[in-house]
Amino acid sequence: MLRELVRARLAEALDRLGVTGVEPEVSVPERTEHGDFSSNIAFALKSRLGCPPHQLAERILAHLDQGPFSKAEVAGAGFINLFLKPEEIRRALQAILAAGEHFGESGLGRGQRVQVEYGSANPTGPLHLGFGRNVVLGDAIANLLAANGYTVEREYYVNDTGSQVEKFAASLYYFYVQALGREPPFPFPEEGYRGEYVREWARELAAAEGERLLRLPQERALEETKRLGLERVLRTVRADLEKLGIDYDRWFFDSELFIDRDGGPLFAQVMELLRAKGYLKDEAGAVWFKATALGAEKDEVLIRSTGRPGYFASDVAYHYNKFVERGFDRVIDVWGADHQGHVPRMKAMMRAFGLDPERLSILIYQLVTLKRGGEEVRLSKRSGEFVTLRELLDEVGPDAVRYFLLSRSPDAHLEFDLELAKEQSKENPVFYIQYAHTRIAGIFRELRGKPPRWAEVDLEPLQQPEELELIKHLDEFPEVVRDAALHFAPHLLANYAYGLAGLFHIFYDRYRVLDEAPPLARARLALCRATQLVLRKALGLMGVSAPERM
RNA sequence: GCGCCUGUAGCUCAGUGGACAGAGCGACGGACUCCGGAUCCGUAGGCCGGGGGUUCAAAUCCUCCCAGGCGCACCA
């Protein structure tokens with residue numbers, strides 16, 4: 001990578017000056033007059049060496065191996081601006097072609113086992129837009145970690161024992177009885193699920209089961225309804241995920257925690273362990289986790305006075321399973337901002353088990369606001385007033401949905417304007433990026449004959465500034481892949497791909513490829529090839545397709 | 001009240017220590033006999049929410065205030 005090359009040369013110069021242990025910072029200036037790369041090292045060393053930056057910069061330049069540079073100068077108050085020789089830039093292209101499909105990957109993770117848990121919506125209905133963001137972020141982060149040499153497992157946690165599923169089952173049963181023309185044996189559950197989909201599934205249930213469930217004792221009937229309802233939900237969820245192109249390594253059911261096994265169910269074992277460590281207390285008929293003893297602000301109920309474990313309790317046992325039983329080095333949970341209050345107690349839980357809290361990363365993304373035209377649509381599953389992910393996928397298409405949901409920082413609120421996404425899909429940046437890829441594919445289709453052996457192509461004919469700009473941008477790709485993974489920031493990838501597509505469109509607009517004399521045509525083909533590789537890779541990491549034709 | 005996130009062009013958002021702050025959409029005006037015009041070029045539009053501080057250098061870090069979102073349950 002060119003940045004590394006520059007950094008290394010500067011480090012050598014510093015060595016010669018007798019300055020050691022300093023990593024010179026090298027950045028890409030915004031303005032081309034400031035060079036291909038620029039360093040502020042003279043400012044950084046000012047206090048250490050007590051030398052005016054400008055003078056220091058001059059001394060560094062005097063000791064710099066200027067071989068790779070066409071120009072090296074001190075500017076402003078002491079910036080070192082470096083201009084690379086075109087052949088150095090072309091060498092970077094050579095490296096990209098040599099790396100081929102693997103360009104951009106790194107071994108940073110050293111094979112560490114990382115679990116990424118995402119999705120994990122309450123199994124009480126179809127996924128809505130908010131969970132679209134969850135799932136798309138989690139999947140992209142998993143892709144990014146894998147590309148950086150981590151061993152990644154993707155997992156979806158199904159809370160099939162919580163109170164929400166119970167409520168869902170009761171709602172479903174209520175409508176089922178109604179669908180059969182009978183009077184439900186109990187009033188509609190408080191804060192139950194009254195969305196149209198519940199009624200629809202109830203009708204399906206009535207058609208499939210007839211009056212079978214009516215004849216069961218109520219408790220059995222509800223249990224059976226829960227089982228069937230859960231199946232129905234998961235079928236929908238899996239279909240939506242498939243449409244988005246998301247595949248999990250494992251679906252973990254909460255109920256697994258309560259299955260009896262050697263030494264009792266895992267859940268009971270974990271509770272015993274916490275009790276033995278002195279982190280439990282009994283109060284007001286409930287069992288509490290003494291989170292305040294571990295840095296949290298308040299204690300938490302684990303087992304309610306009804307005797308039923310709460311959501312947090314399951315998560316404690318579940319994460320014990322992840323870290324202690326399955327031995328993941330790191331775990332990343334992807335949660336919506338409405339779960340942020342859950343973070344401190346999870347960190348407290350890690351400490352309770354004697355685990356380094358740093359091994360658990362929780363990515364909180366801000367909620368999605370949906371706008372239809374000018375007006376905001378509230379997303380609430382329980383009120384039944386929500387737009388499903390499926391609806392959106394059908395209207396906008398998976399590529400645009402994924403790109404749109406990824407194109408903003410997880411920290412930023414995301415406004416999804418349905419009308420805009422539908423009506424202006426042609427202006428959506430994702431098409432702009434895909435179109436660049438398609439244009440390249442078009443060139444290769446037009447080529448007909450065999451493409452050259454890339455390693456043997458003489459790149460010297462690439463002299464135009466637009467060509468060199470393109471190469472420099474391609475060269476930055478590995479840094480983007482690394483930074484996006486390290487900071488859980490797939491939007492960096494989206495921005496990068498957009499910028500790359502832009503540079504390619506400019507190049508394509510101004511120059512011809514196949515019509516040129518063979519040496520130039522071959523060199524430009526090589527540039528196209530590298531661009532295509534990187535576009536494909538970037539889109540692939542986001543889970544967006546790279547079409548040959550559009 | 002406390003905690004987390006956010007406040008940058010009319011709108012949606014990039015940019016988290018560097019040199020005159022960027023993109024898309026929207027507005028206006030241009031470009032192809034040619035590998036796909038879903039493209040390219042240009043114009044207009046900003047005291048980067050406000051005050052104070054740190055620094056050679058602040059949209060970026062600290063602090064206080066203002067505004068919005070989300071939390072602060074024996075829901076998840």
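Just so it is clear: chains get the letters A, B, ... in the order the sequence lines come, proteins before strands, and each one is counted from 1. The structure displayed is predicted, hence computed values, not measured ones.
In this structure, CD of E33(A) is placed 13 Å from P of A19(B), rounded to the nearest angstrom. The distance between atom CD of Q532(A) and atom P of C35(B), rounded to the nearest whole Å, is 18 Å. Taking atom CG of L503(A) as the reference point, atom P of C40(B) lies 11 Å away to the nearest angstrom.
OP1 or OP2 of A76(B) has at least one side-chain nitrogen or oxygen of S163(A) nearer than 4.0 Å. Here Y435(A) reaches the OP1 or OP2 of A38(B): one of its side-chain N or O atoms lies under 4.0 Å away.
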Report each atom pair, protein N/O against N/O of nucleotides 41-43 of chain B, whose distance is under 3.5 angstrom.
from: C41(B); atom 1: OP1; to: R510(A); atom 2: NH2; distance (Å): 3.4

Any N/O pairs under 3.5 Å between the protein and nucleotides 4-7 of chain B? List them or say none.
from: C4(B); atom 1: O2; to: Q340(A); atom 2: NE2; distance (Å): 3.2
from: C5(B); atom 1: O2'; to: Q366(A); atom 2: NE2; distance (Å): 3.4
from: C5(B); atom 1: O2'; to: D411(A); atom 2: O; distance (Å): 2.5

Expected rows: protein N/O vs nucleotides 55-59 of chain B N/O, under 3.5 Å:
from: C56(B); atom 1: OP1; to: K46(A); atom 2: NZ; distance (Å): 3.2

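Within 4.0 Å of R345(A), counting heavy atoms only, lies at least one base atom of the nucleic acid. Backbone-only contact: R439(A) has heavy atoms under 4.0 Å from sugar-phosphate atoms and none from a base. Across all strands shown, E466(A) has no heavy atoms under 4.0 Å from either base or sugar-phosphate atoms. When heavy atoms are screened at a 4.0 angstrom cut-off, A284(A) is found touching base atoms of the nucleic acid. L302(A) comes within contact range of no nucleotide atom at all, as no heavy-atom separation falls under 4.0 Å. The residue F168(A) sits apart from the nucleic acid: no heavy atom pair falls under 4.0 Å. Within the nucleic acid shown, L367(A) comes within 4.0 Å of sugar-phosphate atoms alone, with no base atom in reach, counting heavy atoms only. At a threshold of 4.0 angstrom between heavy atoms, the contacts of S407(A) with the nucleic acid are absent.
RNA chain B is contacted by H491(A), L492(A), N495(A), Y498(A) of residues 488-500 of chain A, taking any non-hydrogen atom closer than 4.0 Å.
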Report the secondary structure of RNA chain B in dot-bracket form, marking unpaired bases with a dot and bases paired to a different strand with |, and treating Watson-Crick or G-U pairs with both distances under 3.5 Å as paired.
((((((((.[[[[.)..(...]]]].(((((.......))))).....[[[[[..)....]]]]])))))))....
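Judged by the 6.0 Å distance and 45° axis criteria, R345(A) is not positioned over the aromatic ring of F289(A).
For the atom pair OG1 (T225(A)) and CG (L230(A)), the distance works out to 12.0 Å, reported to the nearest 0.5 Å. Of the inter-residue distances, the one linking L459(A) atom CG with L520(A) atom CG reads 11.0 Å to the nearest 0.5 angstrom.
Remark: aromatic rings of F131(A) and H128(A) are close, center separation under 6.0 Å.
A side chain to side chain donor-acceptor pair (under 3.5 Å) check over residues 284-298 of chain A, counting only residues at least two apart or in different chains, returns the pairs T292(A)-D299(A), K298(A)-E300(A). Screening residues 468-482 of chain A for side chain to side chain donor-acceptor pair (under 3.5 Å), with sequence neighbours left out, gives R3(A)-E479(A), D36(A)-K472(A), E469(A)-K472(A). Counting only residues at least two apart or in different chains, side chain to side chain donor-acceptor pair (under 3.5 Å) contacts with residues 396-408 of chain A comprise D139(A)-R402(A), D399(A)-Q434(A), D399(A)-S545(A).
A search for ring pair (Phe, Tyr, Trp, His ring centres under 6.0 Å) contacts involving F37(A) returns nothing, not counting sequence neighbours. Under the ring pair (Phe, Tyr, Trp, His ring centres under 6.0 Å) criterion, F416(A) pairs with F404(A), not counting sequence neighbours. With sequence neighbours excluded, no residue forms a salt bridge (charged side-chain N to carboxylate O under 4.0 Å, His left out) with R529(A).
Residues D509(A) and N81(A) each lie close to RNA chain B; by heavy-atom proximity, the contact nearer the 5' end of the strand is made by N81(A).
No hydrogens or angles were tested; on distance alone, a donor-acceptor pair under 3.5 Å links the side chain of S38(A) to the base of A19(B).
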Would you give me the side-chain donor-acceptor pairs under 3.5 Å for residues 332-339 of chain A, sequence neighbours excluded?
from: D333(A); atom 1: OD1; to: K322(A); atom 2: NZ; distance (Å): 3.0
from: D333(A); atom 1: OD2; to: H319(A); atom 2: NE2; distance (Å): 2.6

